[in-house]
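Small disclaimer: the values here were computed from a predicted structure and weren't measured. For reference, positions follow the sequence shown, starting with 1.
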Amino acid sequence: MSSLLVLNGPNLNMLGLRQPDVYGRTTLDEIDTLCREHAATLGSDCVCFQSNHEGALIDQIHAARGTHDGIVMNAGAFTHTSVAIMDAVASSEVPTVEVHLSNIHAREAFRHNSYLAKVAIGQISGFGATSYKLAIDALHLHLSQDKAR
């Protein structure tokens with residue numbers, strides 16, 4: 001059984017209230033439940049964590065090494081600003097899928113740059129809460145292919 005870590009960054013605790021026209025009405029609690037239930041259907045455990053603090057997210061990434069087989073991460077605004085999170089993912093060597101509720105490439109120009117994409121195995125964006133399910137599927141496929149080698 002594999003273990004997945006779902007990390008959510010700043011302001012994602014406000015999902016369902018914050019800009020529902022952009023991010024939808026699904027709450028973070030609902031996304032956490034969706035992730036845990038979907039991972040279970042694939043035979044995986046899933047731990048969810050959210051913080052508005054960069055260091056807390058970095059601590060979780062570091063602790064994932066040797067504990068979790070993969071990470072699904074919506075770094076929120078840190079996606080576009082945090083070299084520290086990029087370095088943490090790279091140094092953890094835990095396969096990571098970047099996820100976003102909205103299509104960041106169809107939004108403001110500053111959102112088009114992702115430091116996380118430089119070290120993630122892939123990026124899924126624009127499908128609302130379903131983006132998390134797709135990210136879990138992609139990570140599960142990646143981990144399965146890794147084991148087959």
Does a side chain donor of either [X] or [Y] reach within less than 3.5 Å of an acceptor in the other side chain?
| X | Y | answer |
| --- | --- | --- |
| H62 | Q60 | no |
| S114 | T79 | no |
| Q50 | N52 | yes |

Worksheet item: Checking side chain to side chain contact (heavy atoms under 4.5 Å, CB included) for the pair S125/V99: CA distance, chi angles, key distance, verdict?
Response: CA-CA 6 Å; S125 68; V99 66; over 6 Å; no
Closest approach of [X] to [Y] (non-hydrogen atoms, all atoms of both residues):
| X | Y | result |
| --- | --- | --- |
| I31 | A129 | CG1-CB, 4.0 Å |
| L15 | T26 | CB-O, 3.4 Å |
| L116 | A75 | CD2-CB, 4.2 Å |
| I58 | A84 | CD1-CB, 3.6 Å |
| F78 | L57 | CD1-CD1, 3.8 Å |
| V6 | C46 | CG2-SG, 3.6 Å |

Could you check if a side-chain atom of [X] sits within less than 4.5 angstrom of a side-chain atom of [Y], using non-hydrogen atoms only?
| X | Y | result |
| --- | --- | --- |
| P95 | L139 | yes |
| I61 | M73 | yes |
| I121 | V97 | yes |

Counting only N and O atoms by type, is there a donor-acceptor contact under 3.5 Å from the side chain of [X] to the main-chain atoms of [Y]?
| X | Y | result |
| --- | --- | --- |
| R65 | S91 | yes |
| E30 | T27 | yes |
| E98 | A117 | yes |
| S3 | D69 | no |
| S144 | H140 | yes |

Out of curiosity, does [Y] fall in the hydrophobic cluster containing [X] (side-chain heavy atoms, cut-off under 4.5 Å, transitive links)?
| X | Y | result |
| --- | --- | --- |
| L101 | I136 | yes |
| V94 | L4 | no |
| V72 | V47 | no |
| V89 | I71 | yes |

Worksheet item: With sequence neighbours left out, what residues match A56 under side chain to side chain contact (heavy atoms under 4.5 Å, CB included)?
Response: F49, S51, H53
Worksheet item: For D137, what residues pass the side chain to side chain contact (heavy atoms under 4.5 Å, CB included) criterion, not counting sequence neighbours?
Response: H38, L42
Discussion item. Within this structure, what is the CG-CG distance for the pair L7 and L5, rounded to the nearest 0.5 Å?
Written reply: 4.0 Å
Response to the item:
When rounded to the nearest 0.5 Å, the distance separating OG of S2 from NE2 of H68 is 11.0 Å
Worksheet item: What do the steps show when you test H100 against S131 for side chain to side chain contact (heavy atoms under 4.5 Å, CB included), and what is the final call?
Response: CA-CA 7 Å; H100 298 282; S131 293; over 6 Å; no
Fill in: D32 vs Y132, side chain to side chain donor-acceptor pair (under 3.5 Å): CA-CA, chis, key distance, verdict
CA-CA 9 Å; D32 289 349; Y132 286 83; over 6 Å; no
